[in-house]
Amino acid sequence: MNDVCLVYVTAPPDQASTLARALVERRVCACCNILPVSSVFRWDGAIQEESEALLIIKTTADRFEALREAVLALHPYDVPEIIAASVSDGHPPYMDWVRGEVG
């Protein structure tokens with residue numbers, strides 16, 4: 001069974017790098033990729049369109065709860081996006097590296 005997962009978190013572009021660095025420093029993830037995105041969503045009854053940064057975070061299922069708690073503590077949004085997806089397969093040395101970084 002593979003325990004590596006990807007977690008998606010959006011954040012304000014000017015805060016994404018600080019958030020990613022804090023998560024890696026806390027060892028709740030091995031790595032964060034930061035991508036610019038445009039998000040369209042409904043908030044408080046109105047359709048919004050915002051520039052955001054998407055963090056693609058690599059961690060393990062065992063560390064997900066600690067990662068979620070860290071994001072909630074550090075994130076500026078009232079309701080941050082925190083979505084985890086299991087990785088079904090991957091390059092074994094990379095998967096081992098992820099496990100080692102958060103273990």
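Model, not experiment: these values are computed from the prediction.
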- request: Apply the test side-chain contact (heavy atoms from CB on, under 4.5 Å) to residues C31 and V24: give CA-CA distance (whole Å), side-chain angles for both, the deciding distance (0.1 Å), then the verdict.
  value: CA-CA 6 Å; C31 173; V24 172; 5.7 Å; no
- request: Start with the C-alpha gap between V7 and I82, add the side-chain angles, then the distance that decides, and say whether side-chain contact (heavy atoms from CB on, under 4.5 Å) holds.
  value: CA-CA 7 Å; V7 180; I82 307 170; 4.0 Å; yes
- prompt: V71, V28: one ILVMFWY side-chain cluster at the under-4.5 Å cut-off?
  reply: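 Looking at the clustering, V28 is in the same group as V71.
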- prompt: Is L72 reachable from V9 through a run of hydrophobic residues whose side-chain heavy atoms are each under 4.5 Å from the next?
  reply: yes
Do you know which two heavy atoms are closest between [X] and [Y], and how far apart they sit?
X   : Y    : value
F64 : A84  : CE1-CB, 3.7 Å
R27 : E101 : NH2-O, 3.0 Å
A85 : Y8   : CB-CE1, 4.4 Å
W97 : A30  : CH2-O, 3.4 Å
K58 : Y94  : CE-OH, 3.3 Å
A16 : A53  : CB-CB, 3.5 Å

field: Stepwise side-chain contact (heavy atoms from CB on, under 4.5 Å) test for I34 and S17
entry: CA-CA 7 Å; I34 302 170; S17 182; 4.3 Å; yes
Measure the spacing between [atom1] of [X] and [atom2] of [Y] and express it to the nearest 0.5 Å.
X   : Y   : atom1 : atom2 : answer
L6  : L55 : CG    : CG    : 12.5 Å
T10 : F41 : OG1   : CZ    : 8.0 Å
L54 : S39 : CG    : OG    : 8.0 Å
R99 : D96 : CZ    : CG    : 5.5 Å
C32 : L19 : SG    : CG    : 7.0 Å
I57 : I83 : CD1   : CD1   : 11.5 Å

query: Do the side chains of V40 and I47 get nearer than 4.5 Å, heavy atoms only?
result: yes
Close side-chain approach of P76 to P12, heavy-atom, < 4.5 Å: yes
message: Please determine whether side-chain contact (heavy atoms from CB on, under 4.5 Å) holds for the pair R42 and Q48, giving the CA-CA distance in whole Å, both sets of side-chain angles, and the decisive distance to 0.1 Å.
response: CA-CA 6 Å; R42 186 179 311 274; Q48 310 285 325; over 6 Å; no
- request: With sequence neighbours excluded, give me every salt bridge (charged side-chain N to carboxylate O under 4.0 Å, His left out) pair touching residues 44-54.
  value: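 Matches after skipping sequence neighbours: none remain.
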message: By the salt bridge (charged side-chain N to carboxylate O under 4.0 Å, His left out) test, which pairs, at least two apart or in different chains, include something from residues 60-81?
response: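 Counting only pairs at least two positions apart or across chains, the salt bridge (charged side-chain N to carboxylate O under 4.0 Å, His left out) contacts touching residues 60-81 are E65-R68.
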